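Read the structure below first, then the notes.
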Amino acid sequence: MTQSSMLREEAYTAVMRGVKELDLNGPNIPSDLVLIGDQAFPLAMNACGQVLMAASFYGRGRVVVLGHEGYLTAFPALVENALTWLTGSSCDSTTVGVHQSCKAVADNLSYSSLQPKVGGFCEGLGVYVTDAYCVGPEVKELVEFLKAGGGLLMAGQACSWAEGPKQNTLLGFPGNKVSSVAGIYFSEHPGELGTLPVPPQIPSSWLAVAMSMDFKDDLEFLLEGVTEFDIQGGAICSEVLVHGPLAFPIGTTKDGRAFLAGAYYGQGRVIVVTHEGYLGREQMSPFMLNAVRWLDQGRNALVGVLPQLGAAHTLLSKSGLRCEKSGFRKELSVYVCTSYSDAQADEIQDFVAEGGGLLIGGHAWYWAQANPGHKAMTGYAGNRILNKMGLSLLGNTLDAGCYKAPVPGQTCSEGFHFRHLLRRFAGHVTQGEALTEHEEAGLKKLGGDCANYLHMRAHDCASYTSVVAMLTDVLKEAGIPQVCHSCPVISAKDHLLLSVGAEVYKVCQDPDALLPYLIKDQPMMPALSNARVRINCNTAGGEEWLSTGLFLSPGMRTYMAMPPQIVNQGWKVQIGCQTDNIGNSNELKRAPVVHERFPIDSEMMQVWNLWGGLLYLIAPPKTQVEGVEVIIQGAVPAPYYKTGVTTPADWAVLRTAPSPWAEMEFENIILTVHSDVVRGLDRPDLVAALWDDIMRGIADLAAVPAKFPRKERFVADVQISHGFMHAGYPIMIQSSSAPNLVNPVAARSSGLWGAIHELGHNQQRGVWEFPSHTTECTCNLWSVYVHEEVLGVKRDQAHPNMALANRQSRAEGYAKGGRNLASWDMWVALETYMQLQDQFGWDAFKKVFAAYHTMQNVPKDNQGKMNLYAETFSLAVERNLAPFFKAWGWPIEPATEEKLSNMPVWSDHPMAQYG
């Protein structure tokens with residue numbers, strides 16, 4: 001429990017001391033209180049999840065809010081407790097000021113140690129008691145009183161007030177002008193009556209997650225004269241997660257992802273625009289002007305615009321608004337800035353809470369790309385301002401387009417509000433409530449939203465803990481589908497449960513109690529105690545996974561003792577080899593994300609993962625460590641073969657190890673497969689010899705040293721993020737292909753085209769690549785080379801597309817089709833290179849690749865690069881190849897032809913026959 005959580009629990013205990021139940025059966029009809037921010041928490045919550053009494057902190061002060069003024073006399077013990085707690089803030093005075101309308105409170109205190117003083121608010125008080133209707137001219141003074149350490153007890157209800165002339169209750173109701181700065185609002189919704197038991201801890205209910213506010217009037221104001229949002233062009237925006245009780249989407253894509261959103265926060269308001277370029281875009285000017293006026297709340301006061309936002313300043317100034325280029329100042333009415341700094345986060349939050357307007361623009365996707373493995377919800381600067389306000393910028397991008405502005409009051413858009421849909425889903429699971437078709441369509445997105453929201457780990461926030469409690473209840477009721485290859489997940493509901501299960505497990509109060517609901521029929525596996533893993537690494541080739549040969553069962557926790565040399569040096573622990581996120585797939589054969597990483601930031605650390613997995617140490621780039629040791633308290637041994645370490649006798653035992661995952665580590669490559677694939681493998685040395693030969697062949701053609709700076713990795717998984725296989729670190733392949741990796745006889749007779757194709761992808765270099773033409777082409781140079789030169793499998797036997805007749809047909813078809821580069825890709829493009837190989841051999845390619853290793857100032861565009869390649873290949877073979885490349889439709893420039901004109905021309909090339 002965090003310090004803030006402890007303070008809230010202590011406060012709850014103090015206020016509710018001796019109170020066993022609250023009889024709220026009438027006649028008083030209370031307001032449902034809305035809580036936002038990190039500090040506000042419920043004191044009394046009914047069975048419907050409505051908050052009828054609440055407390056909070058603001059600055060150095062404290063506040064208690066009761067949902068009806070009648071409660072000031074109906075519960076004298078609670079009120080006396082509350083006043084005692086309120087006097088405990090840092091203010092020196094113990095005098096309790098009591099507004100005349102609440103004189104009965106003073107009468108009840110006549111026998112207590114407190115010192116009541118009936119009258120208006122004045123200096124020298126420690127606590128002030130008032131109803132929620134008499135707050136008027138002293139609003140500013142009361143807020144300053146709170147901030148400086150004063151205590152405030154306020155009671156009232158806004159239901160009757162809201163029945164009058166149409167007004168915005170959130171901003172107009174007198175009590176909200178003070179209590180809202182501490183994150184407590186009186187709403188116009190009446191609370192359900194009943195007798196409430198007083199739980200030992202702060203009450204919580206998943207029903208409290210529901211969003212009941214109507215933002216129709218706000219949207220009508222903001223969208224006046226706006227029919228669509230044009231987010232096309234070079235400014236790529238992020239998504240904003242709208243998760244607060246008083247936050248709402250404004251502009252969304254067709255699938256409900258928001259790029260514009262707003263929120264109430266305290267007395268003020270905020271609008272997020274997910275790329276700062278839109279703030280000054282002319283097409284967006286009607287909305288931006290509306291936004292600033294909405295934020296200004298009719299004050300017609302000064303708008304400060306961050307000096308870097310010149311276009312925004314110009315656009316707003318043209319409209320007649322009072323604007324100046326300015327950094328943040330408390331005197332502003334509206335502050336327009338970017339989301340790339342949190343230098344004044346606390347001051348900006350207080351500025352908005354006390355009535356200011358914030359228009360903030362920026363994206364988080366670049367930050368997310370530059371900080372892999374880090375969560376934008378907590379790491380991105382702008383979110384340290386916005387999270388408390390119920391809005392968060394996510395690390396993904398949204399598709400450009402023109403999107404229609406929503407129709408205010410139209411209910412279909414509500415299904416995509418995080419809180420609304422979350423509440424409906426919980427009711428669906430726990431109460432059997434039927435979902436609409438629109439809501440069903442939003443469940444897959446909701447799963448991702450829940451995962452992102454939980455990344456905040458905002459355990460100090462009552463709103464956050466209520467969401468965690470609700471999702472925990474949902475998972476205990478529904479469990480998660482026990483997904484596998486033979487039992488895939490297809491429904492949106494099961495998608496959501498799989499996405500959320502692991503995230504809730506990480507943040508819930510008692511993960512061990514939740515585990516049986518998530519993982520069924522878990523087999524018991526014998527574990528090793530105090531296993532020692534020696535580290536030797538030199539990560540010249542970038543970040544590197546170091547295998548431990550150990551496995552953690554689902555939910556299994558272990559302590560790891562780390563050598564000081566790797567603590568706080570960028571090292572990580574990883575559990576799980578399957579790092580592909582498959583969350584975008586319609587059918588799932590495993591959970592979307594099944595690995596977990598932990599930064600190594602102490603010499604003793606505990607790690608675990610809901611899904612379990614092989615245990616790795618992740619070494620950062622440019623790190624050299626020799627002979628240090630990690631001790632793992634408890635882990636399951638895995639079938640693990642390592643060249644030069646594992647003897648035949650060792651392997652005879654290790655291949656039966658209980659882990660479901662196995663690894664084979666050779667000179668230049670590591671294979672990770674299901675253990676069943678290797679349990680019957682008698683000669684791992686032959687598999688090692690196969691892959692040593694293949695990898696030497698890969699290096700040979702690439703003209704690089706035979707010892708790779710970082711060993712390649714293959715991981716065979718039941719489902720991967722795209723394709724049948726894909727390149728990267730690790731290379732991902734389907735589990736069905738895994739047996740082929742460890743079958744030397746078959747490999748040397750029939751080949752391994754797909755696997756070597758992916759290794760070829762990892763050898764491609766931008767300097768001699770011409771995307772998108774050659775993306776799926778030049779990688780096959782390694783497939784052909786390794787099959788013929790290493791495995792002894794002829795090219796036409798290695799792949800049917802390499803049969804001579806097919807090759808000639810493609811070349812002829814391309815020539816007769818006009819030699820158009822638009823159709824020069826994949827197999828057609830490969831024929832260009834194969835014709836060069838037929839004539840000049842593989843050594844020519846090795847010379848060309850070697851030349852590129854040291855080449856400087858390579859053009860970045862395809863045309864420039866193609867001319868350079870034609871020149872480089874010509875020099876390597878000492879022939880003028882310009883006519884050949886021109887015959888293939890390459891854009892060979894006169895300057896290139898001039899450079900090559902003194903060499904003999906290759907005139908009888910294969911494309912010459914086609915005229």
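Just so we're clear, the structure is a prediction, and the values are computed from it rather than from any experiment.
- Within the 3.5 Å criterion, the main-chain N or O of Ala345 finds no donor-acceptor partner in the side chain of Arg384.
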Pairs of donor and acceptor atoms involving the side chains of residues 136-146, under 3.5 Å and at least two apart or interchain, shall be tabulated with distances.
none

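- Between the side chain of Ser392 and the main chain of Met377, no donor-acceptor pair closer than 3.5 Å is present.
- Here the CE atom belonging to Met389 is positioned 15.0 Å from the OH atom belonging to Tyr264, to the nearest 0.5 angstrom.
- Looking at Asn46, its side chain does come within 3.5 Å of a backbone N or O of Cys48 through a donor-acceptor pair.
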TODO: Show your working on side chain to side chain contact (heavy atoms under 4.5 Å, CB included) between Leu109 and Leu83 and close with a plain yes or no.
DONE: CA-CA 10 Å; Leu109 295 176; Leu83 291 171; 3.5 Å; yes
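- Gln267 places a side-chain N or O within donor-acceptor distance of the main-chain N or O of Lys177, the cut-off being under 3.5 Å.
- Between the side chains of Tyr380 and Asp342, no donor-acceptor pair of N or O atoms lies under 3.5 Å.
- Annotation: the span from Cys102 atom SG to Leu72 atom CG amounts to 5.0 Å, rounded to 0.5 Å.
- Aromatic ring pairs are classed by plane angle as parallel below 30°, tilted from 30° to 60° and perpendicular above 60°; the pair Tyr464 and His459 is perpendicular.
- With hydrogens and angles ignored, the 3.5 Å screen pairs no side-chain donor or acceptor of Arg269 with any backbone N or O of Gly356.
- We find the CG-SG distance between Asp38 and Cys461 to be 5.0 Å, quoted to the nearest 0.5 Å.
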Run the side chain to side chain contact (heavy atoms under 4.5 Å, CB included) check on Val15 and Met53 step by step: do they pass?
CA-CA 11 Å; Val15 175; Met53 301 179 184; over 6 Å; no
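- Remark: Tyr185 pairs with no residue by the ring pair (Phe, Tyr, Trp, His ring centres under 6.0 Å) rule, at least two apart or across chains.
- Atom NE2 of His189 is separated from atom OG1 of Thr169 by 8.0 Å, given to the nearest 0.5 angstrom.
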Between Val127 and Leu152, does the side chain to side chain contact (heavy atoms under 4.5 Å, CB included) criterion hold? Intermediate values first, please. CA-CA 6 Å; Val127 178; Leu152 176 66; over 6 Å; no
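- Salt-bridge annotation for Glu433 and Arg424: present, with a side-chain N of the basic residue lying under 4.0 Å from a carboxylate O of the acidic one.
- In this structure, Ile360 CD1 and Leu391 CG are separated by 10.0 Å, a value rounded to the nearest 0.5 Å.
- Ser56 places a side-chain N or O within 3.5 Å of a backbone atom of Ala182 that can act as its donor or acceptor partner.
- Asp131 and Ser101 make their closest contact through OD2-OG, 2.7 Å (heavy atoms, listed as atom of the first residue, atom of the second, distance).
- With hydrogens and angles disregarded, a donor-acceptor distance shorter than 3.5 Å links the side chain of Gln50 to the backbone of Glu192.
- Taking the six-membered ring wherever Trp is involved, the centroid distance between the rings of Phe215 and Trp294 does not fall below 6.0 Å.
- Of all non-hydrogen atoms in Trp85 and Ala14, the two that sit nearest each other are CD1-CB, 4.2 Å.
- For Glu324, the CD atom is densely surrounded, since the number of other residues' heavy atoms within 6.0 Å is greater than 12.
- Using a distance-only test at 3.5 Å, with no hydrogens or angles considered, a donor-acceptor pair links the side chain of Arg60 to the main chain of Ala148.
- For CD of Glu123, the number of neighbouring non-hydrogen atoms (other residues, nucleotides, ligands) closer than 6.0 Å is 12 at most.
- Checked against ring pair (Phe, Tyr, Trp, His ring centres under 6.0 Å), Phe287 has the following partners two or more places apart in sequence or in another chain: Phe229.
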- Would Tyr335 and Phe351 count as a ring pair (Phe, Tyr, Trp, His ring centres under 6.0 Å) if you check the C-alpha gap in whole Å, the side-chain angles of each, and the deciding distance to 0.1 Å? CA-CA 9 Å; Tyr335 181 46; Phe351 165 74; 7.2 Å; no
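- By the ring pair (Phe, Tyr, Trp, His ring centres under 6.0 Å) test, Phe425 pairs with no residue at all, sequence neighbours left out.
- Judged by distance alone, the side chains of Thr195 and Asn25 do bring a donor and an acceptor atom under 3.5 Å apart.
- Taking each heavy atom of Ala158 and Ser187 in turn, the nearest pair found is CB-O, 3.5 Å.
- For Tyr265, there are no ring pair (Phe, Tyr, Trp, His ring centres under 6.0 Å) partners, not counting sequence neighbours.
- Between atom CG of residue Leu52 and atom NE2 of residue His68 there is a gap of 11.5 Å, rounded to the nearest 0.5 Å.
- Side-chain polar atoms of Asp296 and Ser333 form a donor-acceptor pair below 3.5 angstrom.
- Residues Val51 and Pro203 have side chains not in contact (no heavy-atom distance under 4.5 Å, counting atoms from C-beta outward).
- Annotation for Arg299: atom CZ counts as buried by contact number, over 12 foreign heavy atoms lying within 6.0 Å.
- Annotation for Leu306 and Cys337: closest pair CB-CA, 4.0 Å, computed over non-hydrogen atoms.
- Ring to ring, Phe41 and Tyr12 are not that close: their centroids are 6.0 angstrom or more apart.
- Although no hydrogens or angles enter the test, the distance criterion places no donor-acceptor pair under 3.5 Å between the side chain of Asn383 and the main chain of Leu386.
- The backbone N or O of Leu219 lies less than 3.5 Å from no partner atom in the side chain of Asp217, so there is not a single donor-acceptor pair.
- With sequence neighbours excluded, no residue forms a salt bridge (Lys or Arg N to Asp or Glu O under 4.0 Å) with Glu188.
- The aromatic rings of Phe173 and Tyr133 lie perpendicular to each other, with more than 60° between the two planes, well past the 30° mark.
- In terms of heavy atoms, Asn168 sits closest to Asp218 at ND2-OD1, 4.0 Å.
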Residue pair Glu354, Lys330: steps toward the salt bridge (Lys or Arg N to Asp or Glu O under 4.0 Å) verdict:
CA-CA 10 Å; Glu354 294 171 24; Lys330 288 191 297 185; over 6 Å; no
- I would like to know whether Phe186 and Val65 meet side chain to side chain contact (heavy atoms under 4.5 Å, CB included); could you show each step before the answer? CA-CA 9 Å; Phe186 296 85; Val65 174; 3.3 Å; yes
